[in-house]
A.B. asks: 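What follows is a single structure, and I will ask about it in a moment.
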Protein chains: 2
Amino acid sequence: MGTVSKALSLLGYFDQTRTAVGLSDFARLSGLNKATAYRMLSELQEQGFVEQTGAGRAYRLGPEVLRLAALRELSVPMLTVAREVLHRLSEATGETAHASVIRGRQLNQLAHSYSARHATRVMMDDAEVLPFHATASGLAVLAFSPADWSEAALGGALARFTPQTVTDPVRLRSLLRGVRASGISESVSGLEADVHAHAAPVFGAGEVPVGAIAVAAPVSRMTPAQKRIIESELRQAARDLTLRTGGFWPADYPASTPEKELTQ
Amino acid sequence: MGTVSKALSLLGYFDQTRTAVGLSDFARLSGLNKATAYRMLSELQEQGFVEQTGAGRAYRLGPEVLRLAALRELSVPMLTVAREVLHRLSEATGETAHASVIRGRQLNQLAHSYSARHATRVMMDDAEVLPFHATASGLAVLAFSPADWSEAALGGALARFTPQTVTDPVRLRSLLRGVRASGISESVSGLEADVHAHAAPVFGAGEVPVGAIAVAAPVSRMTPAQKRIIESELRQAARDLTLRTGGFWPADYPASTPEKELTQ
DNA sequence: AACCAATGGTTCGAATAATGAACCGTATCC
DNA sequence: GGATACGGTTCATTATTCGAACCATTGGTT
């Protein structure tokens, strides 16, 4: 791994539970020497990618990332378009809709939209990391990713979040086959209890998934009729988001859900 | 300059007029060898900071910057808070309000808010670079920055955007003294003809400016009464934004505009 | 108040990784 | 069909990064 990659990978240790990280923590987390980590952080700081809080202590992300994100939005208006698509999706289904994007080996929450139809709804946070095996979004991405890539994602130890989380790789591979056949993934209480989620992949420039779009509802509201509406709307929304962000919608993408029930 | 800084500085060549840049362009712009630029771009690509469009051509910013920006917002909710403050500011003044942040040696537009009160209004774009000497925001930042820093910003050749642009360093230094005394900067048609802008600095963790907040109006609407309202609202908004983003408001910041007129 | 364990930051010889001139293969344009 | 520009690749040379050990401070414990 080159020096630049090592330095940039330090930024990967920031997440929503860890918005500031100290020098020693960086060294421990990355396995790099403290001096090495320090030199890299200094360069990142010079360029505005990180900054130190108050009296020279822990590092947090710097203002430069805001500028870059604004420019990314200018060339690929993913966030803007996603917000629009999600708004329509949550209105049409009456449930919480959300979109996520792949970043390296992780799937990150990008944006979400609530519906005002019901008093109870599934709540979301942006910038969260979604586990591939335990979310509908993750399964949607894996199902349409190159085999070696999705196998790698299933390779490590798979965390159990609820009693319903599927952690058996054999069973997960079977689920993915079902998703490839129907075009829509599902996860019932895989990450959070009492949540039934559906998702479809969003494709990028090379017919390869760049993320997913999903609808999350309380299990109690998931009737067969509601399921049909969600799947149909989701399919449309995923295609819409793909095309409007410069992606290619695969010609062989399954057009409608086959008869067979594919619940997890 | 270290390897990491060189690689990151490549990202600096993206701007709103140049959202995609080719390998040879990077080499030319940066002065780096083509092979060097290529290797750095490959590493940036691996980490998701850039990606290649379609059939392997020019580079554009990648999805990773979106994740980082979301996390930056989580630790320093500048954008969220700025949007709120700007909304109130544009409502209170009836004019376009906008906020900018310092990034390295540049001042970048961050967010803006229009008022619906008038049919004519000053239009804005985000992610734009604001010249220090020709904007009220730039002057507000320079006036309260360390002397060596603001002198450096006035050092290079100062572009003339309109016949009214002030480019004489001596005259600019005198303007900055006025801003320090009043706390509010002004620029009449300095960047765009027919625009009268007021601005105040936003401070960060070390009582040092991190950006500015401004109100831009057509010159025809700038009556003495309107000027008083804008200055008062601006002062309040700048203080609000500073405190709500973890900054320190200087105890010696001038509390109200002195009698003397300080028009450019 | 002496001690200990962590912290952020610094040094310098050894080892590794970055460098750049030259070179491909391809596409585009007179 | 020749010239030019493009993205990408190679490999010997060399400059840069690496890391063990070392400071100076801080905060907690006895």
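Throughout, protein chains are lettered first and strands after them, A, B, ... in sequence-line order, and every chain is numbered starting at 1. Keep in mind the model is a prediction, meaning the values are calculated, not measured.
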A.B. asks: Below 4.0 angstrom, which residues in residues 4-13 of chain A have at least one non-hydrogen atom near DNA chain C?
C.D. replies: none

A.B. asks: Counting only side-chain N and O atoms of A:Ser24, is one of them less than 4.0 Å from OP1 or OP2 of C:dT7?
C.D. replies: yes

A.B. asks: Between D:dT9 atom P and B:Leu41 atom CG, what is the distance in whole Å?
C.D. replies: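 Between P of D:dT9 and CG of B:Leu41: 13 Å.
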
A.B. asks: So if I take residues 25-38 of chain B and measure heavy-atom distances to DNA chain D, which residues fall below 4.0 Å?
C.D. replies: B:Arg28, B:Lys34, B:Ala35, B:Tyr38

A.B. asks: By the side chain to side chain donor-acceptor pair (under 3.5 Å) test, which pairs, at least two apart or in different chains, include something from residues 125-144 of chain A?
C.D. replies: A:His112-A:Asp126

A.B. asks: What pairs with A:Arg83 under side chain to side chain donor-acceptor pair (under 3.5 Å), at least two apart in sequence or on another chain?
C.D. replies: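 Partners of A:Arg83 by the side chain to side chain donor-acceptor pair (under 3.5 Å) criterion come out as none, since no residue qualifies.
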
A.B. asks: Can you tell me the distance, in whole Å, between the CE atom of A:Met40 and the P atom of D:dT16?
C.D. replies: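 Atom-to-atom, A:Met40 to D:dT16, this comes out as 15 Å.
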
A.B. asks: Verify the contact: side-chain N or O of B:Arg39 to OP1 or OP2 of C:dA18, cut-off strictly under 4.0 Å; return yes or no.
C.D. replies: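 No, B:Arg39 has no side-chain N/O under 4.0 Å of OP1/OP2 on C:dA18.
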
A.B. asks: My understanding is that only residues two or more places apart in sequence, or in another chain, count here; which of them pass side chain to side chain donor-acceptor pair (under 3.5 Å) with A:Ser42?
C.D. replies: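 Side chain to side chain donor-acceptor pair (under 3.5 Å) list for A:Ser42, sorted by chain: empty.
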
A.B. asks: Search all heavy atoms of A:Phe49 against all heavy atoms of A:Val65 and return the closest pair with its distance.
C.D. replies: CD2-CG1, 4.2 Å

A.B. asks: Among pairs that include at least one residue of residues 21-38 of chain A, which meet side chain to side chain donor-acceptor pair (under 3.5 Å), considering only residues two or more places apart or in two chains?
C.D. replies: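 As it turns out, the side chain to side chain donor-acceptor pair (under 3.5 Å) pairs with a partner in residues 21-38 of chain A, which skip direct neighbours, are A:Asp25-A:Arg28.
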
A.B. asks: So what's the dot-bracket for DNA chain D: Watson-Crick or G-U pairs under 3.5 Å, [ ] if a pair crosses, | if it pairs off-strand?
C.D. replies: ||||||||||||||||||||||||||||||

A.B. asks: Sequence neighbours excluded, which residues qualify as side chain to side chain donor-acceptor pair (under 3.5 Å) partners of A:Arg173?
C.D. replies: A:Glu151

A.B. asks: Would you check if there is a donor-acceptor pair between the side chains of B:Thr162 and B:Glu192 at a distance under 3.5 Å?
C.D. replies: no

A.B. asks: Quick one: list whatever passes ring-ring contact (aromatic ring centres under 6.0 Å, His included) with B:Phe14, sequence neighbours left out.
C.D. replies: B:Phe26

A.B. asks: List for me each residue that meets side chain to side chain donor-acceptor pair (under 3.5 Å) alongside A:Gln236, sequence neighbours excluded, and say none if there are none.
C.D. replies: none

A.B. asks: With sequence neighbours excluded, what pairs up with A:Glu43 under the side-chain contact (heavy atoms from CB on, under 4.5 Å) test?
C.D. replies: B:Val4, B:Ser5

A.B. asks: Does B:Thr3 have a side-chain nitrogen or oxygen under 4.0 Å from the phosphate oxygens OP1 or OP2 of D:dT17?
C.D. replies: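 Affirmative; the distance criterion is met.
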
A.B. asks: Could you check how far CG of B:Leu23 sits from C1' of D:dT9, rounded to whole Å?
C.D. replies: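 In whole Å, D:dT9 C1' lies 11 Å from B:Leu23 CG.
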
A.B. asks: Check whether any side-chain N or O of A:Gln52 sits under 4.0 Å from OP1 or OP2 of C:dG9, and answer yes or no.
C.D. replies: yes

A.B. asks: Return whichever of A:Gly22 or A:Gly2 has its heavy-atom-nearest nucleotide of DNA chain C closer to the 5' end.
C.D. replies: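 The residue closer to the strand's 5' end, by nearest nucleotide, is A:Gly22.
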
A.B. asks: What side-chain donor-acceptor pairs closer than 3.5 Å can you find for residues 244-251 of chain A, not counting sequence neighbours?
C.D. replies:
{"residue": "A:Arg244", "atom": "NH2", "partner": "A:Glu84", "partner atom": "OE1", "Å": "2.9"}
{"residue": "A:Thr245", "atom": "OG1", "partner": "A:Leu241", "partner atom": "O", "Å": "2.7"}
{"residue": "A:Thr245", "atom": "OG1", "partner": "A:Thr242", "partner atom": "O", "Å": "3.2"}

